[in-house]
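Please read the structure below before turning to the comments.
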Amino acid sequence: MCGIVGAVAERNITAVLVEGLKRLEYRGYDSAGVALLNGQGQLERRRRVGKVSELQAALNDEPLAGRLGIAHTRWATHGAPSERNAHPHFSGQELAVVHNGIIENHEQLRAQLKDLGYVFSSDTDTEVIVHLLEHTLKTQPDLTAALKEAVKQLHGAYGLAVISAQQPDRLLAARSGSPLVIGLGLGENFLASDQLALRQVTDRFMYLEEGDIAEIRRDGVQIWDVDGKPVQRESVQYHEGAEAADKGEFRHFMLKEIFEQPKVVQRTLEGRLGSNQVLVQAFGPQAAELFAKVRNVQIVACGTSYHAGMVARYWLEELAGIPCQIEVASEFRYRKVVVQPDTLFISISQSGETADTLAALRNAKALSPEQGGYLASLAICNVGISSLVRESDLCLLTQAGPEIGVASTKAFTTQLVALMLLTLSLGQVRGALDKQLEAELVDELRRLPTRLDEALAMDAVVEKISELFAEKHHALFLGRGAQYPVAMEGALKLKEISYIHAEAYPAGELKHGPLALVDSDMPVVTVAPNNELLEKLKSNLQEVRARGGELIVFADQQAGMSNGEGTHVVNMPHIHDLLAPILYTLPLQLLSYYVAVLKGTDVDQPRNLAKSVTVE
Ligand code: G6P
């Protein structure tokens, strides 16, 4: 994903910018660039395809020095990875912009600007921003005022950093849908898309909010909110270890990662939602053209990632009308597969290094078109520099951040979010998706982090319920429709960290076998959103109660289910049925976590399991 770094100082800031880019490398990118205002008051830039080290080598050969500058790592969306498409983009010789996100109305703006005589030197959507700003400067010569005016014409998502040779005292920033943070120094200030990029230079940060525009000078920062009113944003002191490889206030990484989900889901959505539709270009420059050809989907993954794929199958068939097959990678890789024409191959992986998933991708790619090969490969992955991402044609990165707990939690929910974005994109491009439903789901996705927070607020209730499991050796998880894979994931979590034998069944299969096991020693956990399958599910639950089985039901608050003898109901926030799998995963994660804590197991590193299975 794209990264931004900027600085305004009294010293040469080239090294600060390049170091900042290096710190963002883990997010994945295909090219990098930097622009600085040199000692003669001119803008100069270097751009390279490939690693930041290539850019560094270019700077070693032809050094740049300056006290005001911006830098960028690019992940291609519009226009292939190439030097001419790499940021920073210029308009003339005096204005430079770097951009994260996607401008939806770039074609229309490009046409208007071309008519006005602006010459485009890249295929990017970003270049319209810099020319638009240049044009606005003609009638509004103050850079800050011009930026405020120009962004009003941009539809889509952006995090912007702007510098001008005409106004060398300031670095400008604008945020709408792509995060930006200001780093506060002494007599110098910085900007980045992630504070991680700036920890080398400061520990004080100011986070921009949606719609904010900031004027950053050496000696101060001024911010205007979405309505153009001057605002103060709180400055926050960062304490070493407050993030990443530190448990912070939490007892285990797993719990910390469960509670990070609202934030990382938000991050996964950032820059990928337009006003009422998903931004298809988030999947890469060729995505729209390629998605239009997709007639089938084959998903391959392992473990928790496989469960994410199972949920996606329900979504893809329902919303995009695309037949979807899913298989565990260790099986897929060793059998002869018959590929339907125009099938998109999708791999899902947290690490991007799982041996079976990688081997499956390589096998899929090795099939020639005559052997009925795949249309293209797409990776849904959490690690931008992983083998899976490098070897796939397209990718969508989940933005879960490093996941330390062996039992996957936040990687799963961000995978689900990414898969929903994919489903909506495919549905949109193929014209299979009702526009109103898409707008409704985009809206619901925006609200999802809040819903997840509400679900996590039930932490204490779930902890209490976990006591029911402390002495048990078996548990059954039930779900219907897209909640069946959620039940599977719930059972897997319980197995992984509490060592209780757990099995998941589609609720309708209960009477075809597992009912024989149900008695007072077999707790039955059920996920019950308020959908058309609810009444059927309720009768399945009666079957369990009739055999003396203890029921734990996570149910929509509008589902009309209440506590009773042997029935423990946890009321869940109401959510659109199609997004329920994401929400209902959270209480199941908490349940397995608290059961494991009660049993005193090694929660973060359960016996016999590894975080990343890079061998067969
Ligand atoms: C291991 C981990 C699981 C993970 C699976 C697939 O089994 O313990 O948590 O789901 O590998 O890993 P991946 O990195 O490909 O998602």
Side-chain angles (χ1 to χ4, degrees), residues 26 28 252-258 260-261 264 268 298-312 326-333 345-364 377-392 395-419 422 485-499 502 504 581-582 585-586 588-589 592-593 596 601-616:
Y26 76 97
H252 294 98
F253 281 112
M254 183 180 175
L255 191 62
K256 174 177 174 250
E257 288 160 5
I258 289 174
E260 276 172 2
Q261 290 176 107
V264 295
T268 305
Q298 169 72 59
I299 302 180
V300 164
C302 299
T304 289
S305 301
Y306 171 71
H307 294 153
M310 284 191 69
V311 174
I326 161 131
E327 192 164 3
V328 285
S330 55
E331 284 297 312
F332 179 89
R333 68 179 288 194
F345 181 89
I346 301 176
S347 58
I348 309 171
S349 173
Q350 187 285 126
S351 61
E353 302 297 345
T354 301
D356 284 322
T357 311
L358 257 179
L361 169 67
R362 288 173 184 156
N363 288 358
S377 55
L378 165 71
I380 304 275
C381 189
N382 196 35
V383 182
I385 49 172
S386 62
S387 310
L388 204 68
V389 170
R390 283 200 310 271
E391 295 180 30
S392 298
C395 98
L396 190 69
L397 294 179
T398 52
Q399 298 291 344
E403 192 179 61
I404 312 287
V406 165
S408 187
T409 52
K410 60 176 181 170
F412 179 68
T413 40
T414 53
Q415 282 167 351
L416 289 179
V417 169
L419 287 160
L422 173 68
V486 171
M488 292 176 79
E489 176 58 12
L492 176 65
K493 287 289 87 90
L494 194 67
K495 276 187 265 217
E496 283 178 312
I497 60 170
S498 76
Y499 315 145
I582 309 177
T585 297
L586 271 54
L588 301 189
Q589 295 169 340
S592 56
Y593 171 77
T601 59
D602 187 347
V603 173
D604 285 330
Q605 288 180 310
R607 69 186 184 201
N608 309 339
L609 299 179
K611 181 76 194 152
S612 191
V613 185
T614 53
V615 289
E616 261 203 285

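Order of listing sets the numbers, starting from 1, for every ligand and every atom in it. These figures come from a predicted structure and were not determined experimentally. Numbering of residues begins at 1 and proceeds along the displayed sequence.
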* **Results of salt bridge (charged side-chain N to carboxylate O under 4.0 Å, His left out) for Arg390 - residues two or more places apart only** => none
* Structure fact -> Within the heavy-atom cut-off of under 4.0 Å, ligand 1 is lined by Cys302, Gly303, Thr304, Ser305, Ser349, Gln350, Ser351, Thr354, Val406, Ser408, Ala610, Lys611, Val613
* Structure fact -> The side chain to side chain contact (heavy atoms under 4.5 Å, CB included) partners of Ser330 (sequence neighbours excluded) come to Val328, Asp356
* Over all atoms of both residues, closest heavy-atom pair of Ser387 and Arg362 -> CB-NH2, 4.4 Å
* To do: Among residues two or more places apart or on two chains, list those pairs meeting salt bridge (charged side-chain N to carboxylate O under 4.0 Å, His left out) that have a residue in residues 377-389.
  => none
* Any chance you could lay out the side-chain hydrogen bond (donor to acceptor under 3.5 Å, both in side chains) test for Thr304 and Glu489, step after step, and finish with the verdict? => CA-CA 6 Å; Thr304 289; Glu489 176 58 12; 3.2 Å; yes
* **Other residues, nucleotides, ligands: >12 heavy atoms within 6.0 Å of Gln605 CD** => no
